Amino acid sequence: MTAVITEKGLPAAPADGGRKSPPPRRKRRGRRERAFDEVPRWQIYLPLGLYLLFTLVPFYWMLLFSLRPAGSTSLVPWPVTFDHFEKVWNERSFSVFFQNSALIGVFTLICTTGVALAGGYALARFDFRIKQGFMLALLCSQFIPGALMLVPLFQIFKNLSLINSPLSVVIAETVFQLPLSIILISGFIKNVPYSLEEAAWVDGCSRFQAFRIVVLPMLRPGLIAVGSFAFVHSWNHFLFALMFLMDQDKQTIPVGLSTLIGADSVDFGALAAGGVISAVPVVIVFAFIQKWLITGFSAGAVKG
């Protein structure tokens with residue numbers, strides 16, 4: 001505090017009576033941020049480590065039973081044997097189940113992505129009277145379990161002579177995955193500026209050409225994410241394949257796994273080997289699409 005000099009040379013009393021002004025208060029937000037930064041790392045890594053352990057132990061247990069010899073109680077798969085894989089692949093017809101699951105999954109991916117692309121574009125670019133009601137119906141359809149529709153679907157496929165045909169499973173899987181896929185694709189298309197399509201129209205492109213040249217390349221992350229989810233869902237689905245496919249040579253892997261569980265005994269080695277075979281494609285797909293899942297929700301965004 002600077003003193004003021006009077007005419008007699010004596011310092012004048014300060015205006016605040018000699019009291020010092022209190023230091024400025026620090027913002028609470030700053031204290032919270034520093035408190036968060038000062039959290040010990042073990043408080044972060046310990047819960048994450050427990051969650052990772054809880055997640056990976058079932059997979060290790062499945063891999064352990066599939067690789068160790070029958071009757072062994074070792075917690076380490078040594079000596080390693082592939083007899084269980086050979087048994088389920090050759091004797092239990094898992095090679096046929098794998099081909100059927102892959103065929104149904106690929107066709108479900110193609111049908112779901114194609115129809116969802118058309119429906120999502122219509123919802124994103126056109127306005128019609130029942131648009132909001134249609135969107136609400138799509139959302140409400142997600143609350144209907146597939147088991148409730150088994151009897152009507154079975155009757156429809158029977159009248160169309162599609163029972164015991166993989167096409168019935170493809171149609172059922174596509175129908176039940178379309179609502180969510182259409183909503184997701186519609187959101188991706190809305191992120192693409194409409195002015196880009198208008199510019200393509202001015203250059204002489206038709207609506208379809210503008211969509212194929214301008215919009216479709218920007219939808220690649222979203223299409224990969226939606227198509228991958230459709231493939232994985234159809235790969236793991238058990239109910240439709242069990243109800244609509246009768247012959248064993250047309251069954252899928254989930255139904256094949258159920259045949260390994262007997263009434264009096266369970267071959268845990270063969271069951272674990274079949275589980276590993278069914279899990280490998282799913283792990284590969286998600287390892288491939290993980291970056292698309294992160295960038296998919298910003299598909300079509302432009303800067304400038």
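None of the values given here were measured: they were computed from a predicted structure.
- Sorted by first then second residue, the ring-ring contact (aromatic ring centres under 6.0 Å, His included) pairs that include residues 135-155, not counting sequence neighbours, number zero.
- The side chain to side chain donor-acceptor pair (under 3.5 Å) check on N90 picks up nothing, with sequence neighbours excluded.
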Mind listing the side-chain donor-acceptor pairs of residues 200-218 below 3.5 Å, one per line with the distance, residues two or more places apart or on another chain?
residue: S206; atom: OG; partner: Q209; partner atom: N; Å: 3.3
residue: R207; atom: NH1; partner: Y121; partner atom: OH; Å: 3.0
residue: Q209; atom: OE1; partner: S206; partner atom: N; Å: 3.1

Which donor-acceptor pairs under 3.5 Å do the side chains of residues 241-248 make with protein atoms, sequence neighbours left out?
residue: D247; atom: OD2; partner: N164; partner atom: ND2; Å: 2.8

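- Annotation: side chain to side chain contact (heavy atoms under 4.5 Å, CB included) contacts of Q99 (sequence neighbours excluded): none.
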What's the verdict on side chain to side chain contact (heavy atoms under 4.5 Å, CB included) for F229 and H233, showing C-alpha distance, side-chain angles and the deciding distance?
CA-CA 6 Å; F229 277 121; H233 185 273; over 6 Å; no

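- Here the CD-CG distance, from Q155 to L160, works out to 10.0 Å after rounding to the nearest 0.5 Å.
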Check residues 106-117 and write down every donor-acceptor pair under 3.5 Å in which the side-chain atom is one partner and the other belongs to a residue at least two apart or another chain.
residue: T108; atom: OG1; partner: I104; partner atom: O; Å: 2.7
residue: T112; atom: OG1; partner: T108; partner atom: O; Å: 2.7
residue: T113; atom: OG1; partner: L109; partner atom: O; Å: 2.7

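- Partners of Q251 according to the side chain to side chain donor-acceptor pair (under 3.5 Å) rule, which considers only residues two or more places apart in sequence or in another chain, do not exist here.
- The side chain to side chain donor-acceptor pair (under 3.5 Å) search around K131 returns D127, not counting sequence neighbours.
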Side-chain donor-acceptor contacts of residues 270-288 below 3.5 Å, not counting sequence neighbours, with atom names and distances?
residue: S278; atom: OG; partner: G274; partner atom: O; Å: 3.3
residue: S278; atom: OG; partner: G275; partner atom: O; Å: 2.8

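- Here R92 contributes atom CZ and F97 contributes atom CZ; the two are 9.5 Å apart, rounded to the nearest 0.5 Å.
- Smallest separation of non-hydrogen atoms from A124 and I189: CB-CG2, 3.7 Å.
- Using cut-offs of 30° and 60° for the angle between ring planes, the F82 and F85 rings count as tilted.
- With sequence neighbours excluded, no residue forms a side chain to side chain donor-acceptor pair (under 3.5 Å) with H84.
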Side-chain donor/acceptor pairs under 3.5 Å, residues 56-67, sequence neighbours excluded:
residue: Y60; atom: OH; partner: L75; partner atom: O; Å: 2.6
residue: S66; atom: OG; partner: M62; partner atom: O; Å: 3.3
residue: S66; atom: OG; partner: L63; partner atom: O; Å: 2.8

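- Evaluation of the salt bridge (Lys or Arg N to Asp or Glu O under 4.0 Å) rule for K87 yields D267 as partners, not counting sequence neighbours.
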Could you walk me through whether Y51 and F54 pass the ring pair (Phe, Tyr, Trp, His ring centres under 6.0 Å) check?
CA-CA 5 Å; Y51 176 77; F54 180 79; 7.4 Å; no

